Structures are given as C-alpha cells and as structure tokens.
Enquirer: 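A single structure is presented below for examination.
Below, chain A is the first sequence line, B the second, and so on; all start at residue 1. Because the structure is predicted, anything quoted here is derived from the model rather than measured.
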Protein chains: 2
Amino acid sequence: MSYPRPLARLIEELKRLPGIGSRTAQRLAFYLLSAPPEEALRLAEAIKEAREKTFYCSVCGNFTDIDPCSICSDARRDKGIICVVEMPRDVVAIERAGCFKGVYHVLHGVLSPLDGVGPDKLRIQELLQRLQEGEVREVILATSSTTEGEATALYLKRLLKPLEVKVSRLAYGLPVGAEIELADEETISRALEGRREI
Amino acid sequence: MSYPRPLARLIEELKRLPGIGSRTAQRLAFYLLSAPPEEALRLAEAIKEAREKTFYCSVCGNFTDIDPCSICSDARRDKGIICVVEMPRDVVAIERAGCFKGVYHVLHGVLSPLDGVGPDKLRIQELLQRLQEGEVREVILATSSTTEGEATALYLKRLLKPLEVKVSRLAYGLPVGAEIELADEETISRALEGRREI
C-alpha cells in the first residue's frame with residue numbers, strides 16, 4: 001500500500017516517537033487527518049511553541065519557560081537540599097509524590113561509557129558550582145537503581161566527598177502495594193538490609 | 001506539579017490523540033523537547049502539510065493528494081468491483097493483503113442511530129451514483145462484523161437490491177493461524193456454516 005505522500009511523511013515522523021510503532025503511527029496519522037482541522041493544527045502549533053518557548057533553567061536544568069524556573073525561584077523551597085535526578089521527567093515523578101520541599105538538579109543523563117557519556121556530558125560542573133556557593137546542606141542522589149544510575153550516584157558520592165556536604169541516596173525496598181511473592185531477589189535482599197524497627 | 005505553560009499545552013494536545021493517556025502524553029512531550037529541534041519541527045510541519053495537502057478522493061472517498069486517487073486512476077484496477085469499507089484504514093488493511101484488484105468506496109463510518117449517524121451521514125449517495133454509471137458488476141460489503149457493521153451491510157444490501165448488481169459480504173470463519181480452542185462460539189458456528197469441501 002502506497003500512502004499519499006504527505007500521509008506517508010506524517011506516519012514516518014510519528015514512528016520516530018518513542019514507543020510508537022508502525023500500526024500506532026498509522027492510527028494516529030489517520031486520526032489527525034480525520035479530526036477537526038483546528039485540532040490537528042493546534043497539536044502542530046503546540047509542538048512548535050513548546051520548542052520555541054521552553055528551555056533549560058540556568059540553575060537546575062529542568063524544563064522551564066521562565067528563568068530561573070518556578071521551583072528554583074520559589075521562596076518556600078529549601079535551597080539547602082538539592083535532589084539530583086537524571087531527567088526532567090524524574091522531577092515530575094518526585095513532585096507528584098508531593099513531599100519534597102527542596103530544589104532539584106537535572107543531570108540530563110547518566111554515566112554510560114559504552115554510549116560515550118562521560119562526566120563532561122552531564123551537568124556535573126553546574127552542580128559543583130551550586131555547592132561552592134555554600135548554602136547547600138544535603139545532596140540527595142535520586143538517580144535510577146539501574147547499573148548506570150548506580151554508577152553515576154557512586155561517581156557523584158566520591159566527587160562530593162571533599163566538599164563536606166551530606167550526601168544521601170533514595171531508599172531501596174519493596175514498592176508500596178507490591179506483593180512480596182512478585183518482588184525480585186535483589187529488591188527483597190535490599191528491603192531486608194534496610195529494615196527498620198517499628 | 002505545574003509544568004511550564006507551553007509544555008502543559010503540548011501534553012494536553014497529545015492527550016487528545018486516541019490511545020494516548022496522561023503518562024504517554026508526558027513521555028512524548030518530554031521526548032519532543034529533548035529531541036533535536038529539527039526532529040520536533042519536522043513532526044509539526046508533517047502534521048500541517050498532511051492536513052493541507054491530503055483530502056478525500058472525489059470518487060472513492062479515501063485519503064489522497066491527487067484526485068482521483070492513485071487506486072481510482074490506476075488503469076490496471078477492475079472498476080467493475082467495488083469494495084465498500086467503513087474507513088480509510090480499512091483500505092490500507094485490504095491493500096496490505098495484496099489480493100484485491102478492484103476499487104474501493106469509503107463510507108466514512110457505520111450506521112449508528114444512537115450516535116446520530118443515519119444513512120445521510122455516510123457516503124451512500126456517492127455509492128449509488130457510482131452504480132448508476134453502470135460499469136459495476138459486484139459490490140463487496142467489507143464493513144466490520146460488529147453490530148453496526150452488520151446493520152450497515154444489511155441496509156446497503158437492501159438498498160442495492162433493485163439495482164441488479166451482485167452484492168457480496170466478506171466470509172466469516174476462523175482467523176488464519178488461530179487455535180479453534182480459543183475461537184468464540186459465534187465464530188465457530190459461522191465457520192461451520194460456511195464450511196467448504198476440500
């Protein structure tokens with residue numbers, strides 16, 4: 001089946017999106033052609049506007065349309081605690097939990113030597129800069145518990161040691177609501193290791 | 001979590017797409033912000049271009065960028081057999097099978113009185129018009145085997161009866177590769193009913 005050229009192009013572009021395969025791209029493209037024209041054009045405009053008006057906060061590196069971002073410029077947030085995350089989406093996840101009142105630092109990646117990502121590719125210099133300004137009491141390393149996330153946390157822990165700032169890592173254990181039966185061995189052994197008296 | 005406004009707007013627009021929930025919309029939006037700018041803008045342009053340059057074929061009603069469409073204007077296709085389908089995506093599915101050499105007629109929906117879709121909302125007049133031109137020997141009703149698809153096929157069968165054109169319906173039976181054990185009762189009884197000597 002040869003699609004009309006503009007439709008084929010749209011399907012190709014949609015297929016580049018993460019998690020969107022051929023079938024989904026086709027379904028979305030047909031939807032965009034059948035939807036009211038203003039709806040399709042609003043999406044096109046939203047993509048352009050988001051690219052034009054969104055940038056990285058000069059302080060924390062999160063996406064923002066004002067600089068510093070709304071979190072960094074919020075007087076109620078504790079600038080003494082920096083939570084270091086891999087990506088902007090991690091800020092969203094932690095903010096959703098609603099219990100963290102410090103500020104963030106987005107690395108924009110994890111150390112991954114095989115992919116050519118060394119410390120210079122991450123926003124580590126910017127983190128050291130923030131720490132040298134002296135106000136910071138604690139750095140929470142909230143990278144993923146994957147091999148790369150762990151390696152990045154370990155690297156940062158060593159790097160920050162001479163600065164005499166408290167460095168912590170998110171707790172490991174069972175996800176809330178999870179059945180023990182379904183948890184993997186590593187998670188169970190970490191949950192046992194980190195057990196607390198109640 | 002309050003997103004920067006342009007990002008919030010992009011997430012909202014992505015959420016309107018079929019099968020895209022909040023999490024997926026957020027993931028796609030973050031991807032579009034992190035991707036090379038030309039990639040995001042190419043998608044925005046592809047949406048606009050597809051809307052501007054794609055329209056319905058004046059003969060069959062399928063999406064096209066030339067009129068009549070590439071199928072209707074293909075001299076090798078048999079204009080004597082019209083396959084009537086619900087949506088443009090059904091043309092894609094049948095073309096993918098690669099064995100149909102006739103032409104199509106896209107109804108752009110099915111009869112659905114509860115949703116206010118009567119015969120006048122479908123491209124039925126256009127179908128009658130094509131039949132009156134006299135060249136057509138057979139109409140294959142390839143609507144879905146859902147309640148609405150069946151009702152639409154039945155409606156069309158009655159409507160076309162006086163025109164003395166052969167009217168057929170796609171065969172019912174087991175999907176190829178399916179295990180009998182897993183087929184539903186209705187499919188099995190239709191497969192038995194339509195059994196063929198081998």
Enquirer: Mind checking which of residues 14-40 of chain B sit less than 4.5 Å from chain A, heavy atom to heavy atom?
Expert: B:Leu14, B:Arg16, B:Leu17, B:Pro18, B:Gly19, B:Ile20, B:Arg23, B:Gln26, B:Arg27, B:Leu28, B:Phe30, B:Tyr31, B:Leu32, B:Leu33, B:Ser34, B:Ala35, B:Pro36, B:Pro37, B:Glu39, B:Ala40
Enquirer: Can you confirm whether more than 12 heavy atoms, excluding those of A:Glu133, are under 6.0 Å from its CD atom?
Expert: yes
Enquirer: Looking at B:Thr54 and A:Leu7, what are the two nearest heavy atoms and their distance?
Expert: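 Taking every non-hydrogen atom into account, OG1-N, 4.4 Å.
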Enquirer: Return yes when atom CG of B:Leu182 has more than 12 non-hydrogen atoms of other residues, nucleotides or ligands closer than 6.0 Å, and no otherwise.
Expert: yes
Enquirer: Against B:Leu43, only a single residue in A:Glu12, A:Arg9, A:Lys48, A:Glu13 fulfils side chain to side chain contact (heavy atoms under 4.5 Å, CB included); can you say which?
Expert: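 Single side chain to side chain contact (heavy atoms under 4.5 Å, CB included) partner of B:Leu43 among A:Glu12, A:Arg9, A:Lys48, A:Glu13: A:Glu13.
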Enquirer: So if you build clusters from Ile, Leu, Val, Met, Phe, Trp, Tyr with side-chain heavy-atom gaps below 4.5 Å, do B:Leu122 and B:Leu163 land together?
Expert: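 Yes, because B:Leu122 and B:Leu163 connect within a single hydrophobic cluster, where side-chain heavy atoms sit under 4.5 Å apart.
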Enquirer: Between B:Val91 and B:Ile124, is there shared hydrophobic-cluster membership here, with clusters defined by ILVMFWY side-chain heavy atoms closer than 4.5 Å?
Expert: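 In one cluster: yes.
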Enquirer: B:Leu10, A:Phe63: one ILVMFWY side-chain cluster at the under-4.5 Å cut-off?
Expert: no
Enquirer: Heavy atoms only, distances under 4.5 angstrom: which of B:Lys53, B:Met87, B:Arg89 has the most pairs with chain A? Name it, please.
Expert: B:Arg89
Enquirer: Among B:Ala50, B:Gly98, B:Ser70, B:Cys69, which residue has the highest count of heavy-atom pairs closer than 4.5 Å to chain A?
Expert: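 Winner by heavy-atom pair count: B:Ala50.
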Enquirer: Would a single hydrophobic cluster contain both B:Leu156 and B:Ile140, if residues Ile, Leu, Val, Met, Phe, Trp and Tyr are joined by side-chain heavy-atom contacts under 4.5 Å?
Expert: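 B:Ile140 and B:Leu156: one cluster.
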Enquirer: Does atom CD (A:Glu138) have a neighbourhood of more than 12 heavy atoms from anything else shown, all under 6.0 Å?
Expert: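 Yes, the 6.0 Å shell around CD holds more than 12 heavy atoms from other groups.
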Enquirer: Go through the atoms of A:Glu45 and report whether side chain, backbone, both or neither lie under 4.5 Å from a heavy atom of chain B.
Expert: both
Enquirer: What residue, out of A:Glu49, A:Glu52, A:Arg42, has the most heavy-atom pairs lying under 4.5 Å from chain B?
Expert: A:Arg42
Enquirer: Same cluster or not: A:Leu127 versus A:Val136, using hydrophobic residues (I, L, V, M, F, W, Y) connected whenever any side-chain heavy atoms lie under 4.5 Å apart?
Expert: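 Both belong to a single hydrophobic cluster.
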